[in-house]
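Once you've had a glance at the structure underneath, I'll fire off some questions.
Computed over heavy atoms, backbone and side chain alike; hydrogens, waters and symmetry mates excluded.
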Amino acid sequence: MSPNVTAAPGSTAVPAVPAEAVAPLTRGITVLRRLTEADGTAGLSSLERASGLARSTVDRITATLARMGYVRLDGRDAVLAPRLMELGNAYLAALRLPKLLHAQADALADEMDESVSLAVGDRDGIRFIHQATRRRAMSLSFRIGDLLPAERTAPGPLFATEWSADQWQRWRERRAADPEDRGFPAVPARSRPLEDDDRAEESSGRRRGVTLGDDFEERTAAAREQGWALDDQLIEPGLVALAVPVRDPDGRIACVVSVVSHTSRHTAAGLRDALLPRLRTSVAAMERELREAPPAEPATPAGPSGLAAWTGASKQELGREFVESLARGLTVITSFGEGRAELTLTEVARATGLARATARRALITLEHLGYVTAQGGVFRLTPRVLGLGFPALSRTTLPDVAAPHLAALSQRVHESASLAVLAGDEIRYTARFTTSRVLSVHITVGTRLPAYATSLGRAMLADLPEPHLPEPSGPVAPTPRTVTDPEDPRAVLARVRRDGYALVDGELEEGLRSIAVPVRERGGRVVAAVNVAMHSSRRTPEECVEEVLPELFAAASRIETDLHIAGRFRQVPGA
């Protein structure tokens with residue numbers, strides 16, 4: 001296997017393209033990278049300009065990605081879809097660190113009331129693999145998967161203590177070629193070097209404009225001696241961070257945990273003095289977890305089952321608009337996962353159902369692009385996989401996940417569709433798609449309604465062991481048909497639990513009929529519900545069950561699929 005790898009951001013070195021590289025896979029990854037850099041949404045014409053590819057090629061690539069569920073085509077825009085996160089999930093699952101260490105990182109953030117991050121090294125940069133952020137007016141804005149230059153971070157000097165001479169040379173070349181860090185979109189560009197007269201005016205006492213990483217080798221030497229490192233406003237003014245390495249059982253750095261604060265709360269030195277002992281205690285617990293964790297059981301690959309049949313059918317349906325080699329190449333990434341961190345060519349071929357020759361060419365291409373490393377006939381994913389959409393999607397909310405599926409549902413049944421969450425004894429609408437009718441249901445996002453009188457509420461209440469039900473002396477029923485007797489609602493919820501859906505007819509408002517089904521997170525807990533609402537003159541209750549309910553179940557299933565992928569290594573807000 002070729003040792004070629006792509007150059008680091010900003011580097012002038014251009015590796016030779018292997019003769020067996022798959023050009024359509026390379027082009028498809030280019031489009032995904034450009035979409036990621038555009039924060040997840042870009043016009044097709046903009047992608048044409050940004051990628052340097054022909055418009056017809058961009059159209060074919062985005063059509064293929066849409067077929068895979070990785071991109072959604074919205075008019076003339078391409079939008080990254082949550083399902084794309086299965087690529088980054090494959091890397092994170094193979095790495096295992098987020099699964100093993102996230103609880104300690106979250107507890108540390110809660111105890112310190114500061115943001116805590118886990119990062120891994122990626123060539124001469126770092127990438128975040130977990131974030132436990134504090135919600136403040138001034139808080140951490142970096143996302144899982146974001147790439148930062150090592151010299152402008154607290155974790156960077158710690159990783160650099162293990163760099164080889166070649167890695168240091170790559171770093172120097174990148175610094176020379178990209179002095180303003182334009183190759184790192186997640187960080188602000190470097191400021192101009194300060195003149196001598198300006199340096200004395202620095203209130204922090206540091207030459208920030210000059211030393212945005214210019215003292216990196218000295219900081220690395222200090223980190224080697226001290227076992228910790230500081231970032232004193234190297235990313236941007238006001239941001240300070242303290243980092244300590246987490247070492248694997250072999251003594252190498254597995255990841256780095258950092259605590260991030262603002263100068264309004266801590267100086268860099270104050271952050272170190274106040275939090276270093278507690279951070280070291282937490283790191284010791286993380287290292288103990290890495291030592292004692294049992295080996296991972298191999299998980300089933302996340303790629304489409306029957307890949308050959310699926311790509312064949314897609315090719316037949318879409319014709320030349322479907323780029324089969326792109327779909328197959330991206331599926332190779334999903335063959336990795338928990339218990340599958342290292343795979344041979346034979347294992348990749350078996351996991352994907354691809355011919356060995358096809359899998360080999362895909363691996364050669366991915367290695368050339370820097371997404372796979374190979375040593376001794378064994379392949380591993382690299383952190384660069386996280387750069388394929390993960391930063392843009394890592395803050396996806398439940399309403400974001402649901403919105404396109406609600407729109408599709410509404411268009412199929414020609415009625416309004418909504419998503420709501422439970423808020424005490426009320427429901428709160430968080431996403432909605434409405435149809436244009438003379439008679440329509442006028443509800444906006446944020447509206448609250450009594451849970452017991454709505455189909456959405458009943459679909460969620462039925463999942464609770466002890467749901468809050470209306471008291472006999474409670475609020476006046478919205479309509480004469482509203483079920484309020486304490487025993488009747490329990491029977492109603494038992495039926496909802498048994499049937500898997502709730503149908504409410506005129507109990508919230510005369511003439512309003514709605515049907516709802518629950519939405520479950522990865523663990524099976526109901527976190528929301530989705531419904532279709534209409535005037536009772538348009539469908540009978542029986543027609544709602546026969547015509548609408550199957551579409552409703554299908555939409556909820558699609559929302560759950562995306563939610564499970566988006567929430568595998570992070571908490572999806574709103575869920």
How far does CD of Glu543 sit from CZ of Arg538, to the nearest 0.5 angstrom?
-> 12.5 Å

After noting the C-alpha distance and the side-chain angles of Asn531 and Ile515, does the key distance pass the side chain to side chain contact (heavy atoms under 4.5 Å, CB included) rule?
-> CA-CA 5 Å; Asn531 86 336; Ile515 185 168; over 6 Å; no

Distance-only polar pair, side chains of Thr311 and Ser314, donor-acceptor under 3.5 Å | no

In terms of side-chain geometry, is the basic nitrogen of Arg412 or Glu551 positioned less than 4.0 Å from the acidic oxygen of its partner?
->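 Looking at Arg412 and Glu551, the cut-off is met.
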
With the side chain counted from C-beta on, respond yes when Met460 and Ile427 share a heavy-atom pair under 4.5 Å apart, and no when they do not.
->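 SC-SC contact between Met460 and Ile427 confirmed.
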
Is it the case that Arg83 places NZ or CZ above or below the six-membered ring of Tyr70, under 6.0 angstrom from the centre and within 45 degrees of the axis?
-> no

For His102 and Lys99, indicate whether the former's side chain and the latter's backbone hold a donor-acceptor pair under 3.5 Å.
->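 Present.
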
Could you tell me how the ring of Phe128 sits relative to the ring of Phe142: parallel (under 30°), tilted (30 to 60°) or perpendicular (over 60°)?
->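 Aromatic pair Phe128/Phe142 classed parallel.
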
Do Tyr371 and Tyr91 come close enough that some side-chain heavy atom pair is under 4.5 Å?
->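 In short, these two side chains do not touch, never coming nearer than 4.5 Å.
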
Start with the C-alpha distance between Leu53 and Glu48, add both sets of side-chain angles, then the distance that settles side chain to side chain contact (heavy atoms under 4.5 Å, CB included), and finish with yes or no.
-> CA-CA 5 Å; Leu53 299 172; Glu48 176 188 2; over 6 Å; no

Donor-acceptor contact below 3.5 Å, side chain Arg432 vs main chain Leu406 =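 Here the side-chain-to-backbone pair does not exist.
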
Donor-acceptor contact present, side-chain Thr64 to main-chain Val323, <3.5 Å = yes

Could you tell me whether the side chains of Thr346 and Arg356 share a donor-acceptor contact shorter than 3.5 Å?
-> yes

Heavy-atom pair of closest approach, residues Val496 and Ala459 |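 Shortest heavy-atom separation between Val496 and Ala459 comes out as CG1-CA, 4.1 Å.
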
Please walk me through it: do Arg49 and Ser46 pass side chain to side chain donor-acceptor pair (under 3.5 Å)?
-> CA-CA 5 Å; Arg49 292 190 298 270; Ser46 298; 3.2 Å; yes

How long is the gap from CG on Leu393 to CD1 on Ile144, to the nearest 0.5 Å?
-> 11.5 Å

Decide yes or no for His130 and Arg570: does some side-chain heavy atom of the first lie under 4.5 Å from some side-chain heavy atom of the second?
-> no

Can Arg448 and Glu426 be counted as an ion pair, charged N to O under 4.0 angstrom?
->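 Yes, this pair counts.
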
Mind listing the closest non-hydrogen atom pair of Ser536 and Arg513 along with its distance?
-> O-NH1, 3.0 Å

Please answer whether the main-chain N or O of Thr397 pairs with a side-chain N or O of Asp400 as donor and acceptor at a distance below 3.5 Å.
-> yes

Got Leu65 and Leu330 here, is their nearest side-chain heavy-atom distance under 4.5 Å?
->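 Sidechains of Leu330 and Leu65: in contact.
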
Would you call Asp562 and Arg558 a salt bridge, taking side-chain N to carboxylate O under 4.0 Å as the test?
-> no

Please assess Val79 against Val71 for the test side chain to side chain contact (heavy atoms under 4.5 Å, CB included), listing each intermediate value before the final yes or no.
-> CA-CA 5 Å; Val79 182; Val71 160; 5.9 Å; no

Taken to the nearest 0.5 Å, the spacing of Tyr452 OH from Leu461 CG works out to 11.5 Å

Between the side chains of Ser45 and Arg76, is a donor N or O closer than 3.5 angstrom to an acceptor N or O?
-> no

Locate the shortest heavy-atom distance separating Ile565 from Pro82; write the atom from each residue and the value.
-> CG2-O, 3.5 Å

Tell me, yes or no, whether the heavy-atom count around Arg428 atom CZ, taken from other residues, nucleotides or ligands under 6.0 Å, exceeds 12.
->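 No, because the 6.0 Å sphere around CZ of Arg428 holds 12 heavy atoms or fewer from other groups.
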
What's the spacing between Leu92 CG and Met85 CE if we round to 0.5 Å?
-> 8.5 Å

Polar side-chain atom of Arg340 near backbone of Ser335 as donor-acceptor pair, under 3.5 Å |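 At least one qualifying donor-acceptor pair exists.
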
Is a donor on one side and an acceptor on the other found under 3.5 Å between the side chain of Thr382 and the backbone of Gly370?
->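 Confirmed, Thr382 side chain pairs with Gly370 backbone.
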
Could you check if a side-chain atom of Leu80 sits within less than 4.5 angstrom of a side-chain atom of Leu32, using non-hydrogen atoms only?
->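 Heavy-atom side-chain distance check passes, below 4.5 Å.
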
Would you mind checking if Arg568 and Glu86 are paired as a salt bridge, meaning a charged N to carboxylate O distance below 4.0 Å?
->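 Salt bridge between Glu86 and Arg568, a charged N being under 4.0 Å from a carboxylate O: no.
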
CG (Leu549) and CG (Leu503) are apart, to the nearest 0.5 Å, by 9.0 Å

Does Asp463 come within less than 4.0 Å of Arg458, counting only side-chain N to carboxylate O?
->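 The answer is no: the pair does not qualify as a salt bridge.
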
Arg522 and Glu560 ion-paired at < 4.0 Å =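 Not counted as a salt bridge, because no side-chain N and carboxylate O are separated by less than 4.0 Å.
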
Which atom of Gln131 lies closest to which atom of Ser117, heavy atoms considered |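 Smallest heavy-atom distance, with atoms named: OE1-OG, 2.5 Å.
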
Distance-only donor-acceptor check, side chains Thr434 and Ser416, under 3.5 Å | no

Got Leu366 and Val332 here, is their nearest side-chain heavy-atom distance under 4.5 Å?
->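 Answer yes - side chains close enough.
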
Ion pair Glu347/Arg350, N-O distance below 4.0 Å =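 Between Arg350 and Glu347 there is no salt bridge, as every charged N stays at least 4.0 Å from the carboxylate O atoms.
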
Has the side chain of Arg497 got a donor or acceptor atom that lies under 3.5 Å from a matching backbone atom of Ala462?
-> yes

In terms of heavy-atom contacts, Pro450 and Thr454 come closest through O-CG2, 3.4 Å

Main-chain N/O of Glu324 paired to Lys315 side chain as donor or acceptor, under 3.5 Å =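 Pair absent, no side-chain N/O of Lys315 close to backbone of Glu324.
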
Residues, nucleotides or ligands: over 12 heavy atoms within 6.0 Å of Arg320 CZ | no

Apply side chain to side chain donor-acceptor pair (under 3.5 Å) to Thr331 and Thr334, showing your working.
-> CA-CA 5 Å; Thr331 303; Thr334 65; 5.0 Å; no

Can you spot which of Asn89, Asp146, Val385, Leu84 makes a side chain to side chain contact (heavy atoms under 4.5 Å, CB included) with Phe390?
->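 The residue from Asn89, Asp146, Val385, Leu84 that satisfies side chain to side chain contact (heavy atoms under 4.5 Å, CB included) with Phe390 turns out to be Asn89.
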
Please name the pair of heavy atoms, one in Arg361 and one in Ala21, separated by the smallest distance, quoted to 0.1 Å.
->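 Looking at all heavy atoms of both residues, the shortest contact is NH2-O, 3.5 Å.
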
Ser557 side chain to Ala554 backbone, donor-acceptor under 3.5 Å | no

CZ of Phe553 to OH of Tyr501: how many Å apart, nearest 0.5 Å?
->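 Answer for the CZ-OH pair, Phe553 versus Tyr501, is 8.0 Å.
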
Is there a side-chain contact between Leu101 and Cys255, using heavy atoms and a 4.5 Å cut-off?
->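 Yes, at least one pair of side-chain atoms sits under 4.5 Å.
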
Would you indicate whether the side-chain heavy atoms of Cys544 and Met534 approach each other to under 4.5 Å?
->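 Yes. Closest side-chain heavy atoms under 4.5 Å.
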
Chi angles and distances behind the side chain to side chain contact (heavy atoms under 4.5 Å, CB included) call for Val519, Val526 | CA-CA 6 Å; Val519 173; Val526 172; over 6 Å; no

For Ala575, what residues pass the side chain to side chain contact (heavy atoms under 4.5 Å, CB included) criterion, not counting sequence neighbours?
-> Leu398, Val527, Leu563, Gln571, Val572

Answer yes when Arg380 and Glu342 have at least one side-chain N-carboxylate O distance shorter than 4.0 Å, and no when they do not.
->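 Yes, charged N to carboxylate O under 4.0 Å.
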
Under 3.5 Å donor-acceptor, Ser410 side chain and Glu415 backbone = yes

